Amino acid sequence: MRLKPPYRYSVYAAFAALVLTGAGWLVADWQKNISSDEIWQQTAAYMLMMHGGIAMLTLLLLGALIPLHLVRSWRTGRNRISGSVMVTLNAVLIMTAFGLYYLGSETVRPWMSWTHLVVGFSVPVLFTAHIFLGRRTR
Ligand code: HEM
Ligand code: HEM
């Protein structure tokens, strides 16, 4: 159930990088609308490219987590509630990411964007709570 340190730190690093590139994109996107400087346009595109690339690696890590962590933890009955919140959170992120890529509609896209963003920024809090609650059940 406890993850081996290299794997555990890879998960932490992946989510930290997703949050940072997500925040970086937000800043660049906001700046490009108020500043005529070309650099913000480029920075925004670069942030999204990094975010998308890191998201692909994160999906690999999440896939490996199913047999290594989710199934085993579920069987022991430990931390099921916050574990389910983690699964829901990641499922929403993945579904809205799909929406951001492929649903071009003017009405649907802003919803995908806002949901992805709000859920994305709640990751640090919910992730920390999940680990804290999980360790308490040892
Ligand atoms: C995508 C979903 C999930 C992610 C990303 C995730 C991630 C993590 C991480 C990184 C830790 C810290 C590991 C450590 O200290 O070695 C942890 C701890 C824990 N998680 Fe999850 N988790 C998820 C789902 C679940 C589910 C569904 C359950 C339960 C059914 C669960 C139960 C636990 C328990 C019991 C611990 C404490 C382990 C210990 O320190 O003894 N997790 N989780
Ligand atoms: C497994 C988790 C995640 C996946 C698979 C994922 C994937 C994606 C993808 C594919 C995009 C669209 C990129 C593009 O349009 O080129 C995106 C956009 C974005 N993501 Fe994530 N992401 C994840 C987690 C996060 C987290 C934790 C945050 C935290 C802030 C975040 C913030 C953002 C932001 C701000 C955008 C730009 C939104 C927009 O274009 O309107 N994402 N993400």
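If you're wondering where the values come from, they're calculated on a predicted model, not measured in any experiment.
Closest non-hydrogen pair, G120 versus P124, comes out as O-CD, 3.8 Å. Between F121 and G22, the closest heavy-atom pair is CZ-C, 4.3 Å.
Atom OG1 of residue T58 and atom NE2 of residue H51 lie 8.5 Å apart, to the nearest 0.5 angstrom. Rounded to the nearest 0.5 Å, atoms CG (L133) and CG (L126) are 10.5 Å apart. To the nearest 0.5 angstrom, T96 atom OG1 is 9.5 Å from L117 atom CG. Between the CG atom in D29 and the CE atom in M47 there is a gap of 12.0 Å [rounded to 0.5 Å]. Rounded to the nearest 0.5 angstrom, L57 CG and L62 CG are separated by 11.0 Å. Between atom CD of residue Q41 and atom CD of residue Q31 there is a gap of 13.0 Å, rounded to the nearest 0.5 Å.
Looking at T21 and L48, their side chains never come closer than 4.5 Å, going by heavy atoms from C-beta outward. Inter-residue side-chain proximity for R2 and R72 is flagged as unmet; no heavy-atom pair is nearer than 4.5 Å. Side-chain contact check for S113 versus L100: some heavy-atom pair is nearer than 4.5 Å. At a threshold of 4.5 Å between non-hydrogen side-chain atoms, the residues R109 and L103 do not count as touching. Side chains of V123 and L93 form a contact here, defined as non-hydrogen atoms less than 4.5 Å apart. Two residues are said to be in side-chain contact when any heavy atoms from C-beta on lie closer than 4.5 Å; W114 and V119 fail this criterion. Within the 4.5 Å cutoff, no side-chain heavy atoms of W74 are placed close to those of V71. Two residues are said to be in side-chain contact when any heavy atoms from C-beta on lie closer than 4.5 Å; V85 and H130 fail this criterion.
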Please lay out, stage by stage, how F15 and I54 fare under the test side-chain contact (heavy atoms from CB on, under 4.5 Å).
-> CA-CA 9 Å; F15 278 95; I54 296 160; over 6 Å; no

Before giving the answer on side-chain contact (heavy atoms from CB on, under 4.5 Å), spell out for L89 and F127 the whole-Å C-alpha distance, their side-chain angles and the decisive distance to 0.1 Å.
-> CA-CA 10 Å; L89 179 100; F127 213 114; 5.6 Å; no

Apply the test side-chain contact (heavy atoms from CB on, under 4.5 Å) to residues L61 and S10: give CA-CA distance (whole Å), side-chain angles for both, the deciding distance (0.1 Å), then the verdict.
-> CA-CA 8 Å; L61 293 172; S10 305; 4.2 Å; yes

What's the verdict on side-chain contact (heavy atoms from CB on, under 4.5 Å) for R138 and R78, showing C-alpha distance, side-chain angles and the deciding distance?
-> CA-CA 8 Å; R138 265 188 216 159; R78 286 175 55 202; 3.4 Å; yes

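S35 places no side-chain N or O within 3.5 Å of a backbone atom of K32 that could act as its donor or acceptor partner. Without hydrogens or angle criteria, S105 side chain to V108 main chain gives a donor-acceptor distance under 3.5 Å.
Under a 4.5 Å side-chain heavy-atom criterion applied to ILVMFWY residues, the cluster that includes Y102 comprises M56, F98, Y101 as well.
Clustering ILVMFWY residues whenever any of their side-chain heavy atoms sit less than 4.5 angstrom apart, transitively, puts L59 in the very cluster that holds V92. Connection of V118 to W30 is not established within any shared hydrophobic cluster, with ILVMFWY side chains joined at heavy-atom distances below 4.5 Å, either directly or through further cluster members. One hydrophobic cluster, built from ILVMFWY side chains closer than 4.5 Å, cannot hold both V27 and L18; they sit in different ones. At a threshold of 4.5 Å between side-chain heavy atoms, the hydrophobic network of Ile, Leu, Val, Met, Phe, Trp and Tyr places L68 and V11 in one connected group. W40 and L26 fall into different hydrophobic clusters, where Ile, Leu, Val, Met, Phe, Trp and Tyr are joined by side-chain heavy atoms under 4.5 Å apart, directly or via other members.
Residues meeting the ring pair (Phe, Tyr, Trp, His ring centres under 6.0 Å) test with Y9, sequence neighbours left out: Y12.
Other residues, nucleotides and ligands contribute more than 12 heavy atoms inside 6.0 Å of the CD1 atom of I34.
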